[in-house]
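Okay, structure first, notes after.
Every chain is numbered from 1 and lettered A, B, ... according to where its sequence line falls, protein lines coming before strand lines. Computed from a predicted structure; not experimentally measured. Hydrogens, waters and symmetry mates play no part in the numbers below; they use all other heavy atoms, side chains included.
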Amino acid sequence: MAKTAAAIKKLMPMFDRVLVLRAEAVTKTKGGIVIPEKSQGKVLHGTVVAVGPGARNQNGEIVPPQVAVGDNVLLPEYGGTKVEIEENKEYHLFRETDILAKLEM
Amino acid sequence: MAKTAAAIKKLMPMFDRVLVLRAEAVTKTKGGIVIPEKSQGKVLHGTVVAVGPGARNQNGEIVPPQVAVGDNVLLPEYGGTKVEIEENKEYHLFRETDILAKLEM
Amino acid sequence: MAKTAAAIKKLMPMFDRVLVLRAEAVTKTKGGIVIPEKSQGKVLHGTVVAVGPGARNQNGEIVPPQVAVGDNVLLPEYGGTKVEIEENKEYHLFRETDILAKLEM
Amino acid sequence: MAKTAAAIKKLMPMFDRVLVLRAEAVTKTKGGIVIPEKSQGKVLHGTVVAVGPGARNQNGEIVPPQVAVGDNVLLPEYGGTKVEIEENKEYHLFRETDILAKLEM
Amino acid sequence: MAKTAAAIKKLMPMFDRVLVLRAEAVTKTKGGIVIPEKSQGKVLHGTVVAVGPGARNQNGEIVPPQVAVGDNVLLPEYGGTKVEIEENKEYHLFRETDILAKLEM
Amino acid sequence: MAKTAAAIKKLMPMFDRVLVLRAEAVTKTKGGIVIPEKSQGKVLHGTVVAVGPGARNQNGEIVPPQVAVGDNVLLPEYGGTKVEIEENKEYHLFRETDILAKLEM
Amino acid sequence: MAKTAAAIKKLMPMFDRVLVLRAEAVTKTKGGIVIPEKSQGKVLHGTVVAVGPGARNQNGEIVPPQVAVGDNVLLPEYGGTKVEIEENKEYHLFRETDILAKLEM
């Protein structure tokens with residue numbers, strides 16, 4: 001965590017990269033029973049916290065992205081780059097085209 | 001199932017992704033005899049329940065998709081991403097170009 | 001066979017996909033002698049029974065296909081996706097560009 | 001041979017495919033001595049007997065081929081699809097771009 | 001270190017390459033305790049010290065880069081080419097598109 | 001050698017292919033001493049003897065080649081297709097883009 | 001060395017290839033101590049001695065190169081084709097895009 005995290009005030013993704021804060025795993029049932037970690041499943045959705053200006057098309061022009069800060073998004077199981085910004089928070093950078101869907105929750 | 005499912009009210013696929021609800025396997029013959037799971041075969045068709053705005057072409061323009069909500073579609077045996085939205089329902093995200101055919105049933 | 005088949009009334013291939021009904025293997029010689037299955041060879045031609053609207057070019061425009069329903073076509077030995085529509089009939093979906101030739105028979 | 005062959009009256013290659021009748025191996029020396037099969041070498045030239053309308057370019061337009069029926073052509077050692085049309089004749093389908101050269105003989 | 005280093009006065013990256021001076025690993029805690037090397041983690045950010053003129057697009061035109069000298073950047077864990085310019089300094093060349101994000105620190 | 005060779009009067013390469021006659025290995029030193037085959041090295045240059053009309057660009061237009069008959073060219077160590085035209089002569093077909101350089105000798 | 005070298009008067013690289021004369025390894029310290037070969041490191045810079053006219057873009061037009069004869073360049077550790085022109089000189093052909101940077105020394 002110490003690596004890069006301490007000093008980062010703001011992260012501006014390059015091109016079509018999108019910074020997503022992964023939702024936290026549900027660790028207790030509604031009734032309050034602790035769910036063993038193995039049964040919690042991998043959390044595959046999160047909230048967009050930063051968006052790059054967009055990828056370049058083949059002419060070198062910027063193509064604006066289709067997600068915005070605050071969007072709830074469905075994430076692929078694999079891919080993305082973990083970024084260590086804040087302790088105990090899972091930040092990941094995804095290419096816009098890897099994001100599967102937007103969610104209303 | 002618990003992971004993402006509980007809270008999702010609406011899922012809007014990104015780009016040319018299509019959300020398909022797979023048809024349920026036939027588990028009994030018309031005569032009422034239970035078909036053993038092994039003999040049921042893999043269900044390879046389903047109903048489109050959500051469609052993205054379309055992929056971008058090489059100029060970054062959106063190309064409208066050729067399937068619509070409610071279409072019955074023939075699915076490839078492999079590919080697609082399983083999405084857990086509702087218990088006992090098989091939702092999958094496919095790229096539009098992976099869908100083999102539309103079906104009238 | 002039971003899987004998808006029973007209910008399909010019509011299959012409309014997506015993009016440049018072409019539905020081909022493979023010709024039946026010759027199982028007897030003209031003289032009436034039964035040819036052992038091993039010697040029958042793989043049947044590599046068939047009849048086009050449905051054609052998609054065409055693939056998209058790089059601008060997202062539809063390119064009309066060059067085969068039509070009723071065409072006799074020569075098929076590649078590998079490739080194509082088997083589709084179960086009718087019992088004892090071999091239906092396959094091919095991309096238009098995988099079809100080797102049209103045949104006059 | 002029986003497979004597809006018997007009934008084919010005409011074969012029209014799709015896109016940029018070219019049907020080539022491979023030249024027969026020289027099985028005797030000029031002096032009449034039989035050359036053992038092992039020493040005959042692989043025949044790598046033949047005569048074009050049918051040409052498709054041409055491949056599509058990236059805009060979906062047909063690009064006319066650069067070989068014509070009757071051309072003697074040099075063939076690559078690998079590639080091409082064997083087609084069974086006539087007994088004891090070696091017909092192969094090649095993409096136009098796989099043909100190495102035209103020959104004057 | 002001796003290899004290339006001694007004589008280099010200036011390095012001008014080609015195309016969309018970017019020369020980054022990697023930040024130094026934190027080797028002591030704020031309290032002054034030495035962190036064992038194993039626990040220091042890999043430093044994944046740095047400062048841009050030189051930028052190429054930009055990559056060519058498909059028409060051969062130069063596309064200006066989106067990072068500038070002095071930018072703090074987040075680097076991918078793998079990729080990049082180590083360049084030996086100065087002793088005990090970690091210089092790496094990255095393609096602009098491999099840089100994950102700009103950072104305010 | 002017998003295969004294709006005997007009858008070829010002229011070979012016209014297709015597209016951007018170039019027919020090169022490889023230079024003969026130096027088998028004796030200037031002083032007349034025979035160099036053992038192992039020490040002769042692989043001859044990697046030759047003379048262009050035939051040039052195709054040029055490759056097609058993405059619009060299907062012919063792009064004229066940049067080598068001409070008579071050019072001395074430097075060849076890559078691997079790649080190219082050996083063609084048997086004349087006994088004891090090494091003819092090879094290369095794509096124009098595989099030729100490394102022209103040589104003045 | 002004997003192979004191609006003796007007779008070459010001039011080498012004109014094809015397309016975007018660049019002929020680089022690799023700098024000689026430092027074999028002695030400034031103080032005159034011989035550095036063992038193992039410690040000399042791989043020399044990764046050199047001088048451009050010949051430049052091709054440039055690669056073709058997708059329309060078949062020549063794109064002028066961005067290095068010139070006399071440039072000091074930083075080379076990738078792998079890639080490039082060794083060319084034997086002069087004894088004890090390391091000449092290598094690189095694609096322009098493989099050259100990492102220009103150097104002022």
Side-chain angles (χ1 to χ4, degrees), chain A residues 1-22 46-65 67-69 73 75-76 78-99, chain E residues 15-16 18 20 22-31 33-48 51 53-68 71-80 90 94-105:
Chain A
M1 273 317 295
K3 308 179 200 177
T4 310
I8 295 180
K9 279 183 199 142
K10 201 175 161 188
L11 183 153
M12 293 144 288
M14 290 283 287
F15 300 105
D16 64 338
R17 288 189 184 82
V18 175
L19 185 67
V20 176
L21 173 58
R22 204 163 254 193
T47 309
V48 172
V49 293
V51 181
R56 289 195 190 105
N57 68 9
Q58 59 168 9
N59 298 317
E61 301 157 355
I62 297 295
V63 177
V67 288
V69 171
V73 290
L75 304 169
Y78 300 105
T81 304
K82 197 173 173 181
V83 184
E84 299 188 345
I85 298 177
E86 224 176 315
E87 216 152 335
N88 295 329
K89 300 270 183 190
E90 287 240 16
Y91 287 96
H92 290 255
L93 277 165
F94 287 91
R95 319 290 316 217
E96 181 201 11
T97 46
D98 290 339
I99 292 177
Chain E
F15 300 105
D16 63 338
V18 175
V20 175
R22 204 162 254 192
E24 279 169 42
V26 179
T27 54
K28 288 186 187 180
T29 64
K30 288 181 182 177
I33 299 162
V34 173
I35 304 172
E37 200 170 326
K38 202 177 164 187
S39 306
Q40 288 173 17
K42 196 172 179 184
V43 177
L44 290 175
H45 65 108
T47 309
V48 172
V51 182
R56 289 195 190 106
N57 69 10
Q58 57 168 10
N59 299 316
E61 301 156 355
I62 297 296
V63 177
Q66 302 204 352
V67 289
D71 281 352
N72 281 305
V73 289
L74 185 67
L75 304 169
E77 191 162 351
Y78 300 104
E90 287 238 17
F94 287 91
R95 319 290 316 216
E96 181 200 11
T97 46
D98 291 339
I99 292 178
L100 297 173
K102 296 186 210 174
L103 302 172
E104 261 176 43
M105 306 192 77

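Comment: A:Lys82 does not engage E:Glu77 in a salt bridge, judged by the lack of any side-chain N to carboxylate O separation of less than 4.0 angstrom.
Between the CG atom of A:Leu19 and the CG atom of E:Leu100 there is a distance of 10.5 Å, given to the nearest 0.5 Å. Within the model, atoms CG of E:Leu75 and OG1 of A:Thr81 stand 11.5 Å from one another, a figure rounded to the nearest 0.5 Å. In this structure, CE on A:Met12 lies 7.0 Å from NZ on E:Lys102, to the nearest 0.5 angstrom. Atom OG1 of E:Thr97 and atom CZ of A:Arg17 lie 7.0 Å apart (nearest 0.5 Å).
For A:Leu93, the part lying under 4.5 angstrom from a heavy atom of chain E is the side chain only.
Annotation for A:Pro13 and E:Ala101: closest pair CA-CB, 3.8 Å, computed over non-hydrogen atoms. The two residues E:Val67 and A:Met14 come nearest to each other via the heavy atoms CG1-CE, 3.4 Å. Nearest approach of E:Gln66 to A:Pro53, heavy atoms of both residues: OE1-CG, 3.7 Å.
A search for side-chain hydrogen bond (donor to acceptor under 3.5 Å, both in side chains) contacts involving E:Asp98 returns nothing, not counting sequence neighbours. A:Glu61 meets the side-chain hydrogen bond (donor to acceptor under 3.5 Å, both in side chains) test with A:Asn57; sequence neighbours excluded.
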